[in-house]
Amino acid sequence: MHGLLTSAAARPLVAAGRSGCQSGHRDDEAGEDEHREGENRCSRAPARRFGPADTALAGAPLDKARDHHGRGRDLMRAAAAFITDLGQGFADAVDQGADLLLLSTTTAPLGWHITEATGTPSLGVYLQPTAPTGDFPPVVTGSRSLGRLANRATGRFALRMADRVYTQAVTQLRHRLALPPASPSEVRRRQEQANWPILQGFSTALVPRPSDWRPGLDVVGNWWPHHDPAERLPSELEDFLSAGPRPVLIGFGSMASGDGERLSEIAVRALRRAGLRGILQAGSAHLAADGDDVLTIGDVPHALLFPRLAAVVHHGGAGTSAAALRAGIPAVPVPVTADQPFWATRLAALGAVTDPIPFRSLTAERLADSLHQVVKQQSYSRAAARAAQHMATENGARQAIKTIQQLTEG
């Protein structure tokens with residue numbers, strides 16, 4: 001099967017695809033040769049990312065947001081230009097042929113037109129809940145609940161605002177595909193009325209499925225990155241972990257570019273004030289520090305490192321938030337932008353993290369207080385452990401493969 005993955009969905013869906021190869025196509029009673037052949041099929045399975053979106057999806061919208069410092073009109077124009085380029089790249093890729101489109105929140109409003117023009121089936125693979133609900137406000141607002149009626153109303157308004165960003169892209173894409181004119185809102189409503197299937201790749205421990213969602217919206221659990229069973233942590237990191245009490249990891253992922261020196265100073269001061277050993281993960285901010293009680297690292301698999309930590313300080317991204325819960329360790333969330341305040345709030349509701357510290361309010365003193373609290377008070381660890389037990393019962397990859405097989409095998 002030829003599949004088309006966008007960068008926003010590629011990492012978790014590669015995990016789902018690999019799991020499907022290794023579990024869905026392997027017989028528990030097969031011999032070693034059959035098992036090895038199954039894994040070889042995984043490595044040969046054709047799937048593609050499409051080029052123009054690769055780097056753009058990784059950071060362009062957030063970079064644009066930083067460049068424009070919140071000037072709404074300029075930001076909307078920048079986003080519209082980005083989406084228009086993305087739509088053309090999408091069409092270029094599909095020209096090469098695909099059996100299935102796996103569409104993220106960013107690419108679904110473009111992929112629907114490809115499906116309409118070519119008949120290629122599509123499936124939503126979302127990492128954030130976007131459908132309006134009374135249970136919580138739109139994830140991008142970062143606001144507290146406004147009450148059920150207001151939550152749903154603001155959810156619908158957020159979708160209409162997103163539709164505006166896609167207007168130019170949809171007009172050009174439909175013209176290229178020889179489709180009759182239709183607005184983004186019109187096409188979105190068609191998908192909703194048809195109960196277009198969307199798999200939500202997060203845990204019900206964080207977001208139980210809202211009862212007022214339409215059919216076709218399923219929360220299936222996370223799609224975890226695949227790691228080779230033989231993979232190990234770097235020796236320097238292993239030595240540090242073994243040299244004393246469990247450390248705290250501090251990292252901001254792809255956030256906070258340009259703030260590395262300030263954040264590194266805050267991190268080290270907070271760790272020492274709290275009497276804790278620490279690991280700084282460089283990330284896009286380029287955090288760095290030296291000392292017997294602190295180590296700087298690059299990217300390492302969360303699944304290998306997190307279970308050996310006392311706590312994590314992170315930006316509240318969907319993936320890092322879930323990885324910390326999966327490891328059963330507490331955290332101090334420092335949300336920066338986009339959906340991060342939403343995930344930080346959900347974590348706090350579970351009792352697995354301290355009160356979130358907004359990025360602009362981060363100080364060494366405030367971080368040290370939160371670190372002391374999250375490490376010393378066992379209620380946070382117990383809450384994280386309960387969530388980990390719940391997440392262990394979910395198999396998002398299996399659910400994704402089952403749905404993909406239904407779409408492609410009829």
Take atom [atom1] in [X]; do more than 12 heavy atoms of anything else shown fall under 6.0 Å from it?
X: Asp355; atom1: CG; value: no
X: Glu261; atom1: CD; value: no
X: Asp299; atom1: CG; value: no

To the nearest 0.5 Å, how far apart are [atom1] in [X] and [atom2] in [Y]?
X: Lys402; Y: Leu199; atom1: NZ; atom2: CG; value: 11.5 Å
X: Leu101; Y: Thr107; atom1: CG; atom2: OG1; value: 8.5 Å
X: Leu362; Y: Ser370; atom1: CG; atom2: OG; value: 9.0 Å
X: Gln191; Y: Gln193; atom1: CD; atom2: CD; value: 10.0 Å
X: Leu280; Y: Ile297; atom1: CG; atom2: CD1; value: 9.0 Å
X: Ile250; Y: Ile266; atom1: CD1; atom2: CD1; value: 10.0 Å

Ring pair (Phe, Tyr, Trp, His ring centres under 6.0 Å) contacts in which one or both residues fall within [range], not counting sequence neighbours:
range: residues 190-212; result: Trp112-Trp196, Phe202-Trp343
range: residues 262-320; result: His302-Phe306
range: residues 123-149; result: Phe136-Phe342

Of all the heavy-atom pairs spanning [X] and [Y], show the shortest one and how long it is.
X: Ala322; Y: Met391; result: O-CE, 3.6 Å
X: Gly201; Y: Leu127; result: O-CD2, 4.1 Å
X: Ala368; Y: Ala274; result: O-CB, 3.9 Å
X: Trp213; Y: Val219; result: CZ3-CG2, 3.9 Å

- Note on the structure: Hits for ring pair (Phe, Tyr, Trp, His ring centres under 6.0 Å) against His113, two or more places apart or cross-chain, chain-then-number order -> none

- Item | Qualifying salt bridge (charged side-chain N to carboxylate O under 4.0 Å, His left out) pairs with a residue from residues 212-225, counting only residues at least two apart or across chains | Arg148-Asp212, Arg152-Asp212

Residues [X] and [Y]: side-chain donor-acceptor under 3.5 angstrom:
X: Thr118; Y: Thr120; value: yes
X: Ser145; Y: Asn151; value: yes
X: Gln168; Y: Thr84; value: yes
X: Asn222; Y: Ser203; value: no
X: Thr204; Y: Glu394; value: yes

- Task: May I have the step-by-step check of side-chain hydrogen bond (donor to acceptor under 3.5 Å, both in side chains) for Asp99 and Thr408, ending in yes or no?
- Result: CA-CA 7 Å; Asp99 299 316; Thr408 57; over 6 Å; no

- Axial cation check for Phe359 ring with Arg262, 6.0 Å and 45° limits: yes

- Note on the structure: In Arg188, Arg189, Arg190, the residue satisfying side chain to side chain donor-acceptor pair (under 3.5 Å) with Glu186 is Arg190

- Query: Partners of Asp339 by salt bridge (Lys or Arg N to Asp or Glu O under 4.0 Å), sequence neighbours excluded?
  - Reply: none

- Donor-acceptor pair, side chain of Thr296 and main chain of Ala289, under 3.5 angstrom: yes

- Task: State whether the side chain of Gln340 and the backbone N or O of Val336 hold a donor-acceptor pair below 3.5 Å, judged by distance alone.
- Result: yes

- Item | Close side-chain approach of Leu237 and Val300, heavy atoms under 4.5 Å | yes

